[in-house]
Amino acid sequence: MTPTPHARTPHTPSTSAAAPTPRAPLHGLRVLDLATLFAGPLAATMLGDFGADVVKVEHPRKPDPSRGHGPAKNGIGLWWKVLGRNKRAITLDLSSPGGRDTLLALAADADVIVENFRPGTLERWGLGWEELSTVNPRLVLARVTGFGQFGPYAHRPGFGTLAEAMSGFAAITGEPEGPPTLPPFGLADSIAALATAYAVMTALTARTTTGRGQVVDMAIIEPMLSVIGPHPLWYDQLGYVQPRTGNRSRNNAPRNTYRTSDGSWVAVSTSAQSIAERVMVLVGRPDLIDEPWFADGTGRAEHADVLDEAVGSWIARHTRDEAMAVFEKAEAAIAPVYDIRDVVADPQYQALGTVTEVQDPELGPIKMQNVLFRLSETPGAIRWPGRPHGADTTAVLSELGLTPAEIGSLREQGAV
């Protein structure tokens, strides 16, 4: 049965793995996902969300560790249901002769391979760029590692946490007198995944001109550095090193989280001068607008104590709903500080279909984030959640032309 794809439109849940619909923008693109934890696999998920046929390759006896990360239900890891969605799951021991040969056969018909082994690992197995590009000169090989394919740290184990520390992110996150602070989720991995998906599509676009594939060398430490702003330039030109400022900004004020009278929290931003002025009128301190330092964001940031007191004391006298209503009427920028319960219930997220329900053969109806963006003509879709370990091995290898006897032989060898 071919499932109805779960686009950013009304949805009939899918129940089994099947080929993507021709309407999807990446239909016909074959991706082999050899990666684990988390940047590489998430990049492959993003490609699958828009129609690529993603084949997830896992070790026969060592499933992707994300299957065991975080909470589980009935022994089934929930994170995998999101990370593994829109992927067909097969098993191959790439270090074995049978696994190597099978991977090369799959690579001959693939467009993209995503891997995150330490540099030199694929080469040791006879699956390096030389071998892969020989069987398929049009292949794009995305290599996602902590530190890149060369340099003094290239062979170190690398995780997103290290990138969050080494990029400067942790150093500027947290309260001024507190320690550097790491995010409680895979921020660097997620940013690297976005960058990897972008890099893959860039390489594929180049292929339309050159006719050749190429290697994408993605070091997780680099995308994280790119999103923290002009810090290298500030340091280069001014010797300026940004300190930790908590929820405040060095570029504008008031900008903070404020507690309401009913114990909730709201966030206020005044990046635009006109918004800052509206906020001061709203909280009953229009006199501050006439202060010389109020004329630009930097000056306001230097007087954050005064502005936070004005805004915070006003908000503290109102409930969250009251504060939201007054700010919105004045066209001032405010948002409630949500936890996931609020996100799921929020009417804007509901209107966008941001969190959606998908039918899973193992767990029944489950909710997860929808595809990343909406396309008016060729929308993405969640066709199925993460599949059981090795669920599609026989089907994929049969498509490759292997007979049942040949697949059975590979199983006997432990290659699949």
Side-chain angles (χ1 to χ4, degrees), residues 3-15 38-39 41-43 45-46 48-50 66-87 160 181-191 193-194 197 247 256-269 315 318-328 333-376 379-387:
T4 302
H6 181 192
R8 297 303 288 263
T9 53
H11 166 63
T12 300
S14 60
T15 58
F38 283 97
L42 183 55
T45 302
M46 293 173 182
D49 283 351
F50 286 89
S66 66
R67 291 182 181 270
H69 263 60
K73 181 180 180 181
N74 300 333
I76 300 169
L78 298 178
W79 200 332
W80 169 253
K81 291 298 179 182
V82 180
L83 191 65
R85 74 189 191 190
N86 292 334
K87 300 179 184 181
T181 302
L182 297 167
F185 61 96
L187 178 61
D189 280 308
S190 299
I191 293 172
L194 287 163
N247 289 325
N256 213 325
T257 58
Y258 306 92
R259 193 163 192 171
T260 62
S261 64
D262 56 352
S264 298
W265 292 84
V266 294
V268 172
S269 175
I315 289 177
H318 296 79
T319 67
R320 185 175 81 174
D321 288 347
E322 290 170 347
M324 292 289 298
V326 174
F327 266 71
E328 288 176 7
I334 190 172
V337 176
Y338 278 173
D339 64 23
I340 192 60
R341 294 168 294 186
D342 301 306
V343 171
V344 171
D346 183 85
Q348 180 63 33
Y349 281 126
Q350 290 177 352
L352 295 174
T354 306
V355 177
T356 192
E357 188 173 280
V358 183
Q359 191 69 27
D360 180 68
E362 296 180 289
L363 298 173
I366 60 177
K367 290 185 177 180
M368 64 177 65
Q369 302 95 322
N370 211 328
V371 299
L372 193 59
F373 49 86
R374 288 161 294 280
L375 295 179
S376 62
I382 301 174
R383 300 184 298 281
W384 61 85
R387 303 269 288 155

*Asks:* Can you name the nearest heavy-atom pair linking Ser66 to Trp80, along with the distance?
*Replies:* OG-CE3, 3.5 Å
*Asks:* Quick check against the 3.5 Å criterion: does Asp342 have a side-chain atom that pairs as donor or acceptor with the backbone of Asp339?
*Replies:* yes
*Asks:* With rounding to the nearest 0.5 Å, note down the distance linking OG in Ser269 to CD1 in Ile334.
*Replies:* 11.0 Å
*Asks:* What distance separates Trp265 CH2 from Arg320 CZ, expressed to the nearest 0.5 Å?
*Replies:* 13.0 Å
*Asks:* Please determine whether the number of non-hydrogen atoms from other residues, nucleotides or ligands lying under 6.0 Å from atom CD of Gln350 exceeds 12.
*Replies:* yes
*Asks:* As an exercise, state the distance from CG of Leu83 to CZ of Arg67, rounded to the nearest 0.5 Å.
*Replies:* 10.0 Å
*Asks:* Quick one: CD1 on Ile76 to CG on Leu363, what's the gap to the nearest 0.5 Å?
*Replies:* 4.5 Å
*Asks:* Tell me, do Val268 and Asn256 make a side-chain contact under 4.5 Å, heavy atoms counted?
*Replies:* no
*Asks:* Given the rule in the side-chain hydrogen bond (donor to acceptor under 3.5 Å, both in side chains) test, do Thr319 and Asp321 qualify, once you have shown the distances and angles that lead to the verdict?
*Replies:* CA-CA 5 Å; Thr319 67; Asp321 288 347; 5.6 Å; no
*Asks:* Side-chain contact, heavy-atom cut-off 4.5 Å: Leu194 with Leu372?
*Replies:* yes
*Asks:* What do the steps show when you test Arg85 against Asp49 for side chain to side chain contact (heavy atoms under 4.5 Å, CB included), and what is the final call?
*Replies:* CA-CA 8 Å; Arg85 74 189 191 190; Asp49 283 351; 2.7 Å; yes
*Asks:* Using the ring of each side chain (for Trp, its six-membered ring), is Phe373 parallel, tilted or perpendicular to Phe50, with breaks at 30° and 60°?
*Replies:* parallel
*Asks:* In Å, rounded to the nearest 0.5 Å, how long is the span from OH of Tyr258 to NE2 of His318?
*Replies:* 15.5 Å
*Asks:* State, with a plain yes or no, whether a side-chain heavy atom of Glu322 is found less than 4.5 Å away from one of Val326.
*Replies:* no
*Asks:* Looking at OH of Tyr349 and CG of Asn370, how far apart are the two atoms once the value is rounded to the nearest 0.5 Å?
*Replies:* 13.0 Å
*Asks:* For Pro385 and Met368, which heavy atoms make the closest approach, and how far apart are they?
*Replies:* CB-CE, 4.2 Å
*Asks:* What pairs meet the salt bridge (charged side-chain N to carboxylate O under 4.0 Å, His left out) rule with one or both residues in residues 70-81, with sequence neighbours excluded?
*Replies:* Lys81-Asp360, Lys81-Glu362
*Asks:* Is the distance between the ring centroids of Phe38 and Phe185 less than 6.0 Å?
*Replies:* no
*Asks:* Would you name the heavy atoms of Ala188 and Gly160 that are closest together and state the gap between them?
*Replies:* CB-O, 3.4 Å
*Asks:* Just so I know, are the side chains of Thr260 and Val266 near enough to count as touching, which here means a heavy-atom distance under 4.5 Å?
*Replies:* yes
*Asks:* If I compare all heavy atoms of Ala197 with all of Ala43, which pair ends up nearest, and what's the gap?
*Replies:* N-CB, 4.0 Å
*Asks:* For Pro41 and Lys87, which heavy atoms make the closest approach, and how far apart are they?
*Replies:* O-NZ, 2.8 Å
